[in-house]
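Scope of the values below: all heavy atoms of this structure, side chains included, with no hydrogens, waters or symmetry mates. Numbers here simply count residues along the sequence, with the first being 1.
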Amino acid sequence: PQTVLTADYRYAETSGDGVSSDSRDQYVLGGVEHRFSPNTILIARAGAQFREVDGGGESTDPYAEVTLNTNVNEQFRVRSFLRYGIEYYDTVVLASGFAGGLPVTGLTEFDAKATLRIGVSGEYDISQMLSVFGGVDYIMSDYDDGRLVTTPVPFGGNPSEDLINAYIGLSVKFTENLFGSVSYNYTDSSSDLPGREYDRNRVSVGVRAEF
């Protein structure tokens, strides 16, 4: 009664714009959904990802995703997730490496961008009208199987990138359907790619209506 087994097939098709190539991804996954208690549920899936890139190659890679949600009490909720797979966007970047034995820096398309995403977030209701929320996300990406965009020359470079994003904010319930929020977001990016290492601070104010 507390555990459900699942089987998934997914298909994704990406139409690249400009110098980005078209690609297709298929996923064959098995999983489990387990409820530890009425307030805590785990959803996990794992399997294989089959990727094909026009003008590039074909690959078979592992894929996994895990989500754990829990209501600690009536006021406090915590959500966490983990996902690992080959992502099919942001694959054309300026990179430094070797082509034909010579050091080069140029616009490069990578067929494989192995990415690990980990995140945890929480929300606490101070009152019926006011709640505080926050969280931390960590994203690690490794680029592989690159080739220069200008010529189909194999690119001898495997850059990596690490990104940490943390945020905290307040949410106010004005009416039954209207909400307001203010949040502070900090991002730190460490990258082997030129021009992609930075720190960013962002303050956001918003209004949301639900129907």
Side-chain angles (χ1 to χ4, degrees), residues 10 12 14 16-17 20 23 25 27 29 31 40-46 49 51 61-72 75-96 107-126 130-146 157-173 179-210:
R10 303 176 187 174
T14 305
D17 192 16
S20 180
S23 64
D25 292 83
Y27 305 79
L29 309 174
T40 303
I41 185 171
L42 171 74
I43 302 173
R45 293 179 176 87
Q49 176 180 356
R51 177 163 172 78
D61 300 278
Y63 179 90
E65 59 186 28
V66 180
T67 302
L68 178 64
N69 296 334
T70 182
N71 293 341
V72 180
Q75 290 80 34
F76 188 32
R77 297 171 294 280
V78 177
R79 303 174 180 87
S80 58
F81 75 91
L82 178 149
R83 188 180 74 192
Y84 175 82
I86 306 299
E87 296 190 348
Y88 42 81
Y89 48 87
D90 193 26
T91 58
V92 178
V93 296
L94 185 67
S96 299
L107 198 61
T108 307
E109 180 172 28
F110 292 91
D111 291 345
K113 180 190 174 186
T115 302
L116 172 67
R117 294 177 178 266
I118 303 174
V120 60
S121 63
E123 185 174 6
Y124 182 79
D125 295 331
I126 299 175
L130 182 65
S131 62
V132 60
F133 60 88
V136 177
D137 299 315
Y138 172 68
I139 304 170
M140 180 181 67
S141 300
D142 290 321
Y143 293 81
D144 292 301
D145 301 330
N158 303 110
S160 62
E161 192 168 70
D162 294 287
L163 189 144
I164 298 175
N165 185 72
Y167 59 94
I168 188 171
L170 288 172
S171 178
V172 181
K173 184 178 181 180
F179 302 82
S181 65
V182 57
S183 64
Y184 166 73
N185 188 294
Y186 172 75
T187 304
D188 177 78
S189 175
S190 301
S191 179
D192 296 334
L193 300 169
R196 290 169 66 106
E197 188 160 325
Y198 63 89
D199 294 318
R200 180 176 63 200
N201 297 273
R202 185 173 68 239
V203 176
S204 302
V205 178
V207 177
R208 183 178 84 253
E210 295 182 358

Novice: Please round to the nearest 0.5 Å and tell me the distance separating atom CG of Asp137 and atom CD1 of Ile164.
Specialist: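 So the CG of Asp137 and the CD1 of Ile164 are separated by 10.5 Å.
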Novice: What closest approach, in Å, do Ser183 and Phe133 show between heavy atoms, and which atom pair accounts for it?
Specialist: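 Heavy atoms only, the tightest pair is CB-CZ, 4.1 Å.
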Novice: Yes or no on side-chain contact (heavy atoms from CB on, under 4.5 Å) for Phe110 and Val93, after CA distance, side-chain angles and deciding distance?
Specialist: CA-CA 8 Å; Phe110 292 91; Val93 296; 3.7 Å; yes
Novice: When you measure from the side chain of Gln49 to the backbone of Ile86, do you find a donor-acceptor pair of N or O atoms at a distance under 3.5 Å?
Specialist: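 Looks like yes, one N/O pair under 3.5 Å.
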Novice: Measuring from Ser204:OG to Tyr167:OH, what's the distance to the nearest 0.5 Å?
Specialist: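 If we round to the nearest 0.5 Å, Ser204:OG and Tyr167:OH are 12.5 Å apart.
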Novice: Scan Asn69, Thr67, Thr70, Val66 and name whichever one has a side chain to side chain contact (heavy atoms under 4.5 Å, CB included) with Leu42.
Specialist: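 Of the listed residues Asn69, Thr67, Thr70, Val66, the side chain to side chain contact (heavy atoms under 4.5 Å, CB included) partner of Leu42 is Val66.
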Novice: To the nearest 0.5 Å, tell me how far Leu94 CG sits from Leu193 CG.
Specialist: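 One gets 8.0 Å once the value is rounded to the nearest 0.5 Å.
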Novice: Rounded to the nearest 0.5 Å, how far does CG of Leu130 lie from OG of Ser171?
Specialist: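 Ser171 atom OG to Leu130 atom CG measures 8.0 Å (nearest 0.5 Å).
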Novice: Would you check, one step at a time, whether the test side-chain contact (heavy atoms from CB on, under 4.5 Å) holds for Glu123 with Arg79?
Specialist: CA-CA 9 Å; Glu123 185 174 6; Arg79 303 174 180 87; 4.3 Å; yes
Novice: Can you see whether Thr115 engages Ser141 through a side-chain donor-acceptor pair at a distance of less than 3.5 angstrom?
Specialist: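 There is such a pair (donor and acceptor under 3.5 Å, judged by atom type) between the side chains of Thr115 and Ser141.
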Novice: Any sub-3.5 Å donor-acceptor pair from Asp192's side-chain atoms to Ser160's backbone N or O?
Specialist: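 Checking the backbone N and O of Ser160 against the side chain of Asp192, a donor-acceptor pair under 3.5 Å is found.
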Novice: Quick one: do Arg51 and Asp145 make a salt bridge, cutoff under 4.0 Å?
Specialist: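 The answer is no: the pair does not qualify as a salt bridge.
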Novice: Contact between Tyr186 and Asp199 at the side-chain level, heavy atoms closer than 4.5 Å - yes or no?
Specialist: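 Of all side-chain heavy-atom pairs linking Asp199 with Tyr186, at least one is under 4.5 Å.
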Novice: Answer with yes or no whether the side chains of Ser190 and Asp162 bring together a donor and an acceptor at under 3.5 Å.
Specialist: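 Asp162 vs Ser190: no donor-acceptor pair found between side chains.
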Novice: Any ion pair linking Arg77 and Asp125 (charged N to carboxylate O, less than 4.0 Å)?
Specialist: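 Here Asp125 pairs with Arg77 in a salt bridge, since their nearest N and O are under 4.0 Å apart.
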Novice: Could you walk me through whether Asp142 and Asn158 pass side-chain contact (heavy atoms from CB on, under 4.5 Å), step by step?
Specialist: CA-CA 7 Å; Asp142 290 321; Asn158 303 110; over 6 Å; no
Novice: Do Tyr198 and Thr187 come within less than 4.5 Å of each other through their side chains, counting heavy atoms only?
Specialist: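 Yes, their side chains come closer than 4.5 Å.
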Novice: Show the numbers, then the answer: is there a side-chain contact (heavy atoms from CB on, under 4.5 Å) between Glu109 and Ser20?
Specialist: CA-CA 7 Å; Glu109 180 172 28; Ser20 180; 4.1 Å; yes
Novice: Take the angle between the ring planes of Tyr63 and Tyr27 and call it parallel below 30°, perpendicular above 60°, tilted in between.
Specialist: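 Answer is perpendicular, since the angle exceeds 60°.
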Novice: How close do Ala95 and Pro194 get, counting heavy atoms only, and between which atoms?
Specialist: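 Heavy-atom minimum between the residues: CA-CD, 4.1 Å.
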Novice: Rounded to the nearest 0.5 Å, what separates atom CD in Glu87 from atom CZ in Arg117?
Specialist: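 One gets 4.0 Å once the value is rounded to the nearest 0.5 Å.
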Novice: Nearest 0.5 Å, please: how far is CG in Asp90 from CD in Glu161?
Specialist: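 Atom-to-atom, Glu161:CD and Asp90:CG are 7.0 Å apart.
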Novice: Write down the atom of Tyr88, the atom of Thr91, and the distance for their closest heavy-atom approach.
Specialist: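 What the structure gives for the nearest pair is C-CG2, 4.1 Å.
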